[in-house]
Visitor: 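Sharing a structure here in C-alpha coordinates format.
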Protein chains: 2
Amino acid sequence: MEYLEAKEKFISTWGSLGTLWGINKAMAQIQALLFISTKPLSTEQIMEELKISRGNTSMNVRQLIDWGIVTKELIPGERREYFSTEKDVQELARIIAKERSRREIRPVIKTLEEVSSIKDDGTAATKEFIQQTKALHDLADTADSMLGKLVNQKQNWLTKSILKMFK
Amino acid sequence: MEYLEAKEKFISTWGSLGTLWGINKAMAQIQALLFISTKPLSTEQIMEELKISRGNTSMNVRQLIDWGIVTKELIPGERREYFSTEKDVQELARIIAKERSRREIRPVIKTLEEVSSIKDDGTAATKEFIQQTKALHDLADTADSMLGKLVNQKQNWLTKSILKMFK
DNA sequence: ACTAAATTTCAATAATTTTTGAAAGTTTAA
DNA sequence: TTAAACTTTCAAAAATTATTGAAATTTAGT
(Lines give C-alpha, C1' and ligand atoms only; values in the text may rest on other atoms or scores of the structure.)
Protein backbone atom coordinates (compact mmCIF):
# COMPACT_ATOMS: atom_id res chain seq x y z
CA MET A 1 0.00 0.00 0.00
CA GLU A 2 1.25 3.46 -0.89
CA TYR A 3 1.29 6.51 1.33
CA LEU A 4 -1.61 8.20 -0.41
CA GLU A 5 -3.85 5.19 -0.27
CA ALA A 6 -2.94 4.54 3.36
CA LYS A 7 -3.62 8.16 4.23
CA GLU A 8 -7.06 8.06 2.64
CA LYS A 9 -7.87 4.80 4.34
CA PHE A 10 -6.77 6.11 7.70
CA ILE A 11 -8.78 9.33 7.42
CA SER A 12 -11.88 7.53 6.28
CA THR A 13 -11.64 4.83 8.95
CA TRP A 14 -11.03 7.38 11.67
CA GLY A 15 -13.94 9.40 10.31
CA SER A 16 -16.47 6.63 10.46
CA LEU A 17 -15.13 5.78 13.88
CA GLY A 18 -16.22 9.22 15.02
CA THR A 19 -19.56 7.89 16.19
CA LEU A 20 -17.72 5.58 18.59
CA TRP A 21 -16.43 8.51 20.52
CA GLY A 22 -19.45 10.71 19.94
CA ILE A 23 -18.45 13.19 17.25
CA ASN A 24 -19.40 13.52 13.61
CA LYS A 25 -17.55 12.35 10.54
CA ALA A 26 -16.11 15.65 9.40
CA MET A 27 -14.89 16.47 12.87
CA ALA A 28 -13.13 13.13 13.21
CA GLN A 29 -11.61 13.43 9.74
CA ILE A 30 -10.23 16.87 10.42
CA GLN A 31 -8.64 15.56 13.57
CA ALA A 32 -7.20 12.58 11.68
CA LEU A 33 -5.76 14.84 9.01
CA LEU A 34 -4.07 17.07 11.56
CA PHE A 35 -2.88 14.05 13.48
CA ILE A 36 -0.72 12.80 10.61
CA SER A 37 0.29 16.20 9.28
CA THR A 38 3.86 17.32 9.80
CA LYS A 39 2.78 20.94 10.24
CA PRO A 40 -0.28 23.01 11.18
CA LEU A 41 -2.90 23.39 8.45
CA SER A 42 -5.08 26.31 7.42
CA THR A 43 -8.84 26.21 6.85
CA GLU A 44 -8.13 26.38 3.14
CA GLN A 45 -5.84 23.35 3.26
CA ILE A 46 -8.31 21.33 5.31
CA MET A 47 -11.15 22.15 2.86
CA GLU A 48 -8.95 21.12 -0.02
CA GLU A 49 -7.74 17.84 1.47
CA LEU A 50 -11.09 16.64 2.76
CA LYS A 51 -13.25 18.22 0.03
CA ILE A 52 -15.59 19.86 2.50
CA SER A 53 -17.05 23.36 2.55
CA ARG A 54 -15.70 26.37 4.35
CA GLY A 55 -18.63 26.51 6.76
CA ASN A 56 -18.32 22.88 7.64
CA THR A 57 -14.62 23.24 8.26
CA SER A 58 -15.06 26.30 10.41
CA MET A 59 -17.75 24.77 12.58
CA ASN A 60 -16.00 21.48 13.14
CA VAL A 61 -12.61 23.01 13.84
CA ARG A 62 -14.31 25.19 16.42
CA GLN A 63 -15.82 22.12 18.06
CA LEU A 64 -12.47 20.36 18.14
CA ILE A 65 -11.05 23.42 19.87
CA ASP A 66 -13.92 23.27 22.38
CA TRP A 67 -13.01 19.67 23.08
CA GLY A 68 -9.45 20.77 23.73
CA ILE A 69 -8.07 18.50 21.03
CA VAL A 70 -7.08 21.14 18.51
CA THR A 71 -5.29 24.44 19.01
CA LYS A 72 -4.88 27.55 16.89
CA GLU A 73 -1.32 28.15 15.81
CA LEU A 74 -0.34 31.70 15.03
CA ILE A 75 2.32 31.72 12.40
CA PRO A 76 4.37 34.95 12.40
CA GLY A 77 3.77 37.08 9.37
CA GLU A 78 0.72 35.03 8.36
CA ARG A 79 -2.72 36.49 8.39
CA ARG A 80 -4.70 33.29 8.34
CA GLU A 81 -5.11 30.83 11.21
CA TYR A 82 -3.42 27.47 11.31
CA PHE A 83 -4.52 24.48 13.33
CA SER A 84 -2.81 21.53 14.91
CA THR A 85 -3.96 18.65 17.08
CA GLU A 86 -2.53 17.01 20.16
CA LYS A 87 0.08 14.60 18.84
CA ASP A 88 0.55 12.40 21.87
CA VAL A 89 -1.92 9.53 21.81
CA GLN A 90 -1.95 9.07 25.57
CA GLU A 91 -2.77 12.70 26.11
CA LEU A 92 -5.37 12.54 23.35
CA ALA A 93 -7.02 9.57 25.04
CA ARG A 94 -7.02 11.39 28.36
CA ILE A 95 -8.72 14.44 26.89
CA ILE A 96 -11.34 12.41 25.10
CA ALA A 97 -12.13 10.23 28.11
CA LYS A 98 -12.41 13.27 30.34
CA GLU A 99 -14.71 15.15 28.00
CA ARG A 100 -16.98 12.19 27.35
CA SER A 101 -17.31 11.64 31.04
CA ARG A 102 -18.21 15.25 31.63
CA ARG A 103 -20.57 15.59 28.68
CA GLU A 104 -22.34 12.27 28.67
CA ILE A 105 -21.60 9.87 31.48
CA ARG A 106 -22.00 12.17 34.46
CA PRO A 107 -25.40 13.55 33.41
CA VAL A 108 -26.65 9.98 33.04
CA ILE A 109 -25.33 9.06 36.48
CA LYS A 110 -27.20 12.01 37.90
CA THR A 111 -30.44 10.86 36.27
CA LEU A 112 -29.92 7.31 37.52
CA GLU A 113 -29.44 8.65 41.00
CA GLU A 114 -32.66 10.63 40.77
CA VAL A 115 -34.86 7.90 39.40
CA SER A 116 -33.50 5.25 41.74
CA SER A 117 -34.43 7.44 44.69
CA ILE A 118 -38.19 7.30 44.30
CA LYS A 119 -39.95 6.09 47.40
CA ASP A 120 -40.74 2.41 47.65
CA ASP A 121 -44.52 2.07 47.53
CA GLY A 122 -44.31 -1.65 48.12
CA THR A 123 -45.34 -2.83 44.66
CA ALA A 124 -43.21 -5.38 42.86
CA ALA A 125 -42.75 -3.05 39.89
CA THR A 126 -41.38 -0.25 42.05
CA LYS A 127 -39.12 -2.59 43.98
CA GLU A 128 -37.69 -3.98 40.74
CA PHE A 129 -37.28 -0.50 39.32
CA ILE A 130 -35.38 0.77 42.34
CA GLN A 131 -33.18 -2.30 42.52
CA GLN A 132 -32.25 -2.28 38.85
CA THR A 133 -31.65 1.44 38.47
CA LYS A 134 -29.56 1.44 41.65
CA ALA A 135 -27.41 -1.38 40.28
CA LEU A 136 -26.96 0.54 37.07
CA HIS A 137 -26.09 3.66 38.99
CA ASP A 138 -23.47 1.84 40.99
CA LEU A 139 -21.91 0.33 37.90
CA ALA A 140 -21.85 3.61 36.00
CA ASP A 141 -20.47 5.45 38.98
CA THR A 142 -17.70 2.93 39.52
CA ALA A 143 -16.80 2.79 35.84
CA ASP A 144 -16.72 6.55 35.60
CA SER A 145 -14.52 7.00 38.63
CA MET A 146 -12.20 4.33 37.30
CA LEU A 147 -12.00 6.23 34.04
CA GLY A 148 -11.35 9.38 36.04
CA LYS A 149 -8.47 7.78 37.87
CA LEU A 150 -6.91 6.50 34.68
CA VAL A 151 -7.39 9.83 33.05
CA ASN A 152 -5.68 11.81 35.75
CA GLN A 153 -2.44 9.91 35.51
CA LYS A 154 -0.28 11.99 33.28
CA GLN A 155 2.08 9.32 32.09
CA ASN A 156 1.62 6.07 30.37
CA TRP A 157 -1.48 5.24 32.31
CA LEU A 158 -2.85 2.48 30.19
CA THR A 159 0.20 0.31 30.27
CA LYS A 160 0.81 0.90 33.94
CA SER A 161 -2.77 0.04 34.77
CA ILE A 162 -2.59 -3.23 32.96
CA LEU A 163 0.57 -4.23 34.72
CA LYS A 164 -0.94 -3.52 38.08
CA MET A 165 -4.17 -5.15 37.20
CA PHE A 166 -2.95 -8.45 35.89
CA LYS A 167 0.15 -8.96 38.00
CA MET B 1 -40.94 11.69 41.82
CA GLU B 2 -43.49 8.96 41.24
CA TYR B 3 -42.86 5.53 39.75
CA LEU B 4 -44.45 6.35 36.41
CA GLU B 5 -42.50 9.54 35.92
CA ALA B 6 -39.28 7.87 36.99
CA LYS B 7 -39.91 4.99 34.62
CA GLU B 8 -40.47 7.33 31.68
CA LYS B 9 -37.40 9.33 32.55
CA PHE B 10 -35.28 6.22 32.83
CA ILE B 11 -36.43 4.78 29.52
CA SER B 12 -35.94 8.04 27.70
CA THR B 13 -32.50 8.66 29.21
CA TRP B 14 -31.38 5.15 28.47
CA GLY B 15 -32.75 5.53 24.96
CA SER B 16 -30.82 8.67 24.12
CA LEU B 17 -27.77 7.05 25.66
CA GLY B 18 -28.02 4.34 23.03
CA THR B 19 -25.64 6.23 20.76
CA LEU B 20 -22.97 6.00 23.48
CA TRP B 21 -22.84 2.26 23.17
CA GLY B 22 -23.60 2.20 19.47
CA ILE B 23 -27.23 1.16 19.15
CA ASN B 24 -30.33 3.09 18.17
CA LYS B 25 -32.94 4.71 20.37
CA ALA B 26 -35.70 2.14 20.01
CA MET B 27 -33.30 -0.70 20.68
CA ALA B 28 -32.00 0.93 23.85
CA GLN B 29 -35.51 1.74 25.02
CA ILE B 30 -36.71 -1.81 24.56
CA GLN B 31 -33.75 -3.02 26.57
CA ALA B 32 -34.48 -0.45 29.29
CA LEU B 33 -38.11 -1.50 29.46
CA LEU B 34 -37.22 -5.15 29.83
CA PHE B 35 -34.54 -4.30 32.33
CA ILE B 36 -37.00 -2.88 34.82
CA SER B 37 -39.84 -5.27 34.09
CA THR B 38 -40.71 -7.91 36.65
CA LYS B 39 -41.60 -10.41 33.95
CA PRO B 40 -40.95 -11.14 30.28
CA LEU B 41 -42.90 -8.99 27.81
CA SER B 42 -44.54 -9.78 24.49
CA THR B 43 -44.12 -7.80 21.26
CA GLU B 44 -47.62 -6.46 21.83
CA GLN B 45 -46.75 -5.18 25.29
CA ILE B 46 -43.53 -3.56 24.11
CA MET B 47 -45.37 -1.80 21.26
CA GLU B 48 -47.96 -0.56 23.70
CA GLU B 49 -45.53 0.71 26.33
CA LEU B 50 -43.13 2.44 23.96
CA LYS B 51 -45.68 3.48 21.34
CA ILE B 52 -43.70 2.03 18.48
CA SER B 53 -44.78 -0.05 15.51
CA ARG B 54 -44.80 -3.81 15.23
CA GLY B 55 -42.09 -3.83 12.57
CA ASN B 56 -39.84 -1.59 14.59
CA THR B 57 -40.29 -3.73 17.65
CA SER B 58 -39.61 -6.92 15.77
CA MET B 59 -36.43 -5.65 14.15
CA ASN B 60 -34.96 -4.18 17.27
CA VAL B 61 -35.78 -7.12 19.48
CA ARG B 62 -34.07 -9.33 16.95
CA GLN B 63 -30.97 -7.13 17.08
CA LEU B 64 -30.92 -7.26 20.87
CA ILE B 65 -31.06 -11.03 20.61
CA ASP B 66 -28.14 -10.92 18.15
CA TRP B 67 -26.18 -8.90 20.68
CA GLY B 68 -26.92 -11.57 23.26
CA ILE B 69 -28.62 -9.13 25.58
CA VAL B 70 -32.19 -10.33 25.19
CA THR B 71 -33.56 -13.86 25.14
CA LYS B 72 -36.82 -15.39 24.01
CA GLU B 73 -38.83 -16.84 26.83
CA LEU B 74 -41.24 -19.61 25.93
CA ILE B 75 -44.18 -19.48 28.25
CA PRO B 76 -45.98 -22.85 28.45
CA GLY B 77 -49.39 -22.77 26.86
CA GLU B 78 -48.72 -19.40 25.23
CA ARG B 79 -48.49 -19.02 21.51
CA ARG B 80 -46.74 -15.69 21.38
CA GLU B 81 -43.13 -15.02 22.23
CA TYR B 82 -42.01 -13.25 25.36
CA PHE B 83 -38.71 -11.48 25.83
CA SER B 84 -36.49 -10.72 28.75
CA THR B 85 -33.11 -9.09 29.14
CA GLU B 86 -30.04 -9.97 31.15
CA LYS B 87 -30.77 -8.61 34.61
CA ASP B 88 -27.31 -8.63 36.07
CA VAL B 89 -25.54 -5.37 35.31
CA GLN B 90 -22.05 -6.85 35.46
CA GLU B 91 -22.97 -9.52 32.98
CA LEU B 92 -24.70 -6.92 30.81
CA ALA B 93 -21.56 -4.79 30.81
CA ARG B 94 -19.45 -7.81 29.89
CA ILE B 95 -21.65 -8.67 26.94
CA ILE B 96 -21.73 -5.12 25.65
CA ALA B 97 -17.97 -4.62 25.99
CA LYS B 98 -17.28 -7.89 24.23
CA GLU B 99 -19.60 -7.17 21.33
CA ARG B 100 -18.37 -3.65 20.80
CA SER B 101 -14.83 -4.90 20.73
CA ARG B 102 -15.67 -7.54 18.18
CA ARG B 103 -17.84 -5.34 15.99
CA GLU B 104 -16.01 -2.05 16.07
CA ILE B 105 -12.70 -1.93 17.85
CA ARG B 106 -10.98 -4.94 16.34
CA PRO B 107 -11.70 -4.00 12.72
CA VAL B 108 -10.21 -0.58 13.38
CA ILE B 109 -7.13 -2.10 14.96
CA LYS B 110 -6.72 -4.22 11.88
CA THR B 111 -6.90 -1.17 9.62
CA LEU B 112 -4.41 0.69 11.79
CA GLU B 113 -2.05 -2.22 11.53
CA GLU B 114 -2.36 -2.23 7.76
CA VAL B 115 -1.88 1.47 7.18
CA SER B 116 1.01 1.74 9.64
CA SER B 117 2.86 -0.97 7.74
CA ILE B 118 3.44 0.94 4.52
CA LYS B 119 7.07 1.11 3.55
CA ASP B 120 9.06 4.12 4.66
CA ASP B 121 9.98 6.07 1.53
CA GLY B 122 12.05 8.50 3.51
CA THR B 123 9.76 11.55 3.21
CA ALA B 124 8.79 13.44 6.33
CA ALA B 125 5.08 12.92 5.62
CA THR B 126 5.45 9.17 5.43
CA LYS B 127 7.62 9.04 8.55
CA GLU B 128 5.07 11.06 10.49
CA PHE B 129 2.21 8.93 9.17
CA ILE B 130 3.88 5.68 10.18
CA GLN B 131 4.84 6.97 13.59
CA GLN B 132 1.42 8.35 14.42
CA THR B 133 -0.65 5.45 13.14
CA LYS B 134 1.65 3.01 14.93
CA ALA B 135 1.17 4.88 18.19
CA LEU B 136 -2.58 4.79 17.69
CA HIS B 137 -2.44 1.11 16.89
CA ASP B 138 -0.51 0.38 20.07
CA LEU B 139 -2.93 2.35 22.19
CA ALA B 140 -6.00 0.77 20.66
CA ASP B 141 -4.51 -2.68 20.93
CA THR B 142 -3.60 -2.22 24.57
CA ALA B 143 -6.96 -0.72 25.45
CA ASP B 144 -8.79 -3.50 23.68
CA SER B 145 -6.85 -6.26 25.35
CA MET B 146 -7.41 -4.60 28.69
CA LEU B 147 -11.11 -4.55 27.97
CA GLY B 148 -10.87 -8.18 26.98
CA LYS B 149 -9.24 -9.11 30.25
CA LEU B 150 -11.84 -7.28 32.25
CA VAL B 151 -14.57 -8.83 30.24
CA ASN B 152 -13.46 -12.37 30.72
CA GLN B 153 -13.57 -12.22 34.47
CA LYS B 154 -16.93 -13.64 35.32
CA GLN B 155 -17.43 -12.08 38.67
CA ASN B 156 -17.43 -8.57 39.94
CA TRP B 157 -14.66 -7.53 37.66
CA LEU B 158 -15.02 -3.81 37.85
CA THR B 159 -14.74 -3.58 41.60
CA LYS B 160 -11.91 -6.05 41.77
CA SER B 161 -10.00 -4.25 39.06
CA ILE B 162 -10.26 -0.96 40.81
CA LEU B 163 -9.01 -2.42 44.03
CA LYS B 164 -6.02 -3.92 42.31
CA MET B 165 -5.36 -0.87 40.31
CA PHE B 166 -5.37 1.76 42.98
CA LYS B 167 -4.01 -0.26 45.89
C1' DA C 1 -53.42 -30.03 4.99
C1' DC C 2 -55.79 -26.04 6.60
C1' DT C 3 -56.32 -22.01 9.20
C1' DA C 4 -55.58 -18.54 12.37
C1' DA C 5 -52.22 -16.36 15.15
C1' DA C 6 -47.92 -14.48 15.31
C1' DT C 7 -43.61 -12.80 13.24
C1' DT C 8 -40.68 -10.93 9.69
C1' DT C 9 -39.62 -8.26 5.73
C1' DC C 10 -39.10 -4.19 3.15
C1' DA C 11 -40.52 -0.28 0.17
C1' DA C 12 -42.28 4.06 1.28
C1' DT C 13 -42.20 7.83 4.43
C1' DA C 14 -40.72 10.54 8.25
C1' DA C 15 -37.38 12.36 11.30
C1' DT C 16 -32.90 13.65 12.20
C1' DT C 17 -28.36 15.02 11.24
C1' DT C 18 -24.92 16.92 8.31
C1' DT C 19 -23.36 19.93 4.80
C1' DT C 20 -23.43 23.75 1.89
C1' DG C 21 -22.81 28.45 0.40
C1' DA C 22 -23.53 33.00 0.55
C1' DA C 23 -24.28 36.94 3.57
C1' DA C 24 -22.76 39.04 7.71
C1' DG C 25 -19.14 39.84 10.77
C1' DT C 26 -14.32 40.56 12.20
C1' DT C 27 -9.53 41.64 11.95
C1' DT C 28 -5.39 43.68 10.17
C1' DA C 29 -2.58 46.80 7.85
C1' DA C 30 -1.92 50.77 5.16
C1' DT D 1 -11.19 54.88 7.67
C1' DT D 2 -11.14 51.85 4.28
C1' DA D 3 -10.70 47.66 2.05
C1' DA D 4 -9.09 43.26 1.48
C1' DA D 5 -8.45 38.88 3.80
C1' DC D 6 -10.25 35.84 6.49
C1' DT D 7 -13.85 33.69 9.73
C1' DT D 8 -18.40 32.79 11.40
C1' DT D 9 -23.24 32.14 11.07
C1' DC D 10 -27.37 30.06 9.66
C1' DA D 11 -31.32 29.02 6.57
C1' DA D 12 -31.93 25.88 3.00
C1' DA D 13 -30.70 21.49 0.79
C1' DA D 14 -28.79 17.02 0.88
C1' DA D 15 -27.69 12.86 3.01
C1' DT D 16 -28.42 9.58 6.32
C1' DT D 17 -30.94 6.95 9.57
C1' DA D 18 -35.15 5.36 11.80
C1' DT D 19 -39.97 4.12 11.59
C1' DT D 20 -44.17 2.64 9.73
C1' DG D 21 -47.57 -0.53 8.05
C1' DA D 22 -49.22 -3.80 5.19
C1' DA D 23 -48.01 -7.92 2.54
C1' DA D 24 -45.49 -12.16 2.79
C1' DT D 25 -43.93 -15.75 5.55
C1' DT D 26 -43.71 -18.78 9.34
C1' DT D 27 -45.58 -21.43 13.12
C1' DA D 28 -48.70 -24.32 15.85
C1' DG D 29 -52.88 -26.49 16.76
C1' DT D 30 -56.70 -29.20 14.88
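Here the structure is a predicted model, which is why all the values come from computation and not from measurement. Chain letters run A, B, ... following the sequence lines, proteins first, then strands; residues in each count from 1.
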Visitor: List the atom pairs, with distances to 0.1 Å, where a side-chain N or O of residues 5-12 of chain B and a protein N or O form a donor-acceptor pair under 3.5 Å, not counting sequence neighbours.
Guide:
| unit_1 | atom_1 | unit_2 | atom_2 | d |
| --- | --- | --- | --- | --- |
| B:Lys7 | NZ | B:Glu49 | OE1 | 3.2 |
| B:Lys7 | NZ | B:Glu49 | OE2 | 3.3 |
| B:Lys9 | NZ | A:Glu114 | OE1 | 2.4 |

Visitor: In whole angstroms, how far is the P atom of D:dT9 from the CD atom of A:Gln63?
Guide: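 Result: 12 Å.
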Visitor: Do any pairs count as a salt bridge (Lys or Arg N to Asp or Glu O under 4.0 Å) and have a residue in residues 57-79 of chain B, sequence neighbours left out, and if so which ones?
Guide: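 Passing the test, one end in residues 57-79 of chain B: B:Lys72-B:Glu81.
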Visitor: Taking the side chain as every heavy atom from C-beta outward, state whether A:Ile65 and A:Phe83 have any atom pair closer than 4.5 Å.
Guide: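 Sidechains of A:Phe83 and A:Ile65: in contact.
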Visitor: Rounded to whole Å, how long is the line connecting atom CD1 of B:Ile75 with atom P of C:dA6?
Guide: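 Spelled out: CD1 on B:Ile75 to P on C:dA6 is 13 Å.
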Visitor: Let me know the distance between CE of A:Met47 and C1' of D:dT7, rounded to the nearest Å.
Guide: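 Taking atom C1' of D:dT7 as the reference, CE of A:Met47 is at 11 Å.
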Visitor: Check every atom of D:dT20, D:dA18, C:dT18 against the side chain of A:Asn24 and return the nucleotide holding the closest atom.
Guide: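 Taking heavy atoms from C-beta onward, the closest nucleotide is C:dT18.
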Visitor: Return the minimal non-hydrogen interatomic distance between B:Ala28 and B:Gly18, and the atom names on each side.
Guide: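 Scanning both residues completely, I find the closest heavy atoms to be CB-CA, 3.9 Å.
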Visitor: Write down the protein N/O and nucleotide N/O pairs, taken from nucleotides 8-11 of chain C, whose separation is under 3.5 Å; answer none if there are no such pairs.
Guide:
| unit_1 | atom_1 | unit_2 | atom_2 | d |
| --- | --- | --- | --- | --- |
| C:dT8 | OP1 | B:Arg62 | NH2 | 3.2 |
| C:dT8 | OP2 | B:Ser58 | OG | 3.1 |

Visitor: Do B:Thr71 and B:Ser84 have side chains that get closer than 4.5 Å, going by heavy atoms?
Guide: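 B:Thr71 reaches B:Ser84 side chain to side chain.
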Visitor: Using 4.0 Å as the upper bound for N to carboxylate O, is an ion pair formed by B:Glu99 and B:Arg102?
Guide: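 Looking at B:Arg102 and B:Glu99, the cut-off is met.
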Visitor: Grab the NZ-C1' distance between A:Lys25 and C:dT18 for me, whole Å please.
Guide: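 From A:Lys25 NZ to C:dT18 C1': 9 Å.
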Visitor: Atom CD1 of A:Ile52 to atom P of C:dT20: distance rounded to whole Å?
Guide: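 To the nearest whole Å, that distance equals 7 Å.
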Visitor: Which is more 5' along DNA chain C, the nucleotide nearest B:Arg80 or the one nearest A:Thr57? Just name the residue.
Guide: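 Checking each residue's closest nucleotide, the 5'-ward one belongs to B:Arg80.
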Visitor: List the atom of A:Asp120, the atom of A:Thr126, and the distance in Å for their closest heavy-atom pair.
Guide: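 For A:Asp120 and A:Thr126, the tightest heavy-atom pair comes out as CA-CG2, 4.1 Å.
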Visitor: Could you check how far CD of A:Glu44 sits from P of D:dT8, rounded to whole Å?
Guide: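 A:Glu44 atom CD is separated from D:dT8 atom P by 13 Å.
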Visitor: In whole Å, I'd like the distance from the CD1 atom of B:Ile23 to the C1' atom of D:dT19.
Guide: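 After rounding, the reported distance stands at 16 Å.
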Visitor: What nitrogen or oxygen pairs link the protein and nucleotides 28-30 of chain C at under 3.5 Å?
Guide:
none

Visitor: Rounded to whole angstrom units, what separation is found between the CE atom of B:Met27 and the C1' atom of D:dT19?
Guide: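 Atom-to-atom, B:Met27 to D:dT19, this comes out as 15 Å.
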Visitor: Which residues, ordered by chain and number, are linked to A:Tyr82 in its hydrophobic cluster, where ILVMFWY side chains connect at heavy-atom gaps below 4.5 Å, directly or through other members?
Guide: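 Via sub-4.5 Å side-chain contacts, A:Tyr82 links to A:Ile75.
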Visitor: Can you tell me which residue pairs pass the side chain to side chain donor-acceptor pair (under 3.5 Å) test with a partner in residues 128-137 of chain A, sequence neighbours excluded?
Guide: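 Listed once each, the pairs are A:Glu128-B:Lys87.
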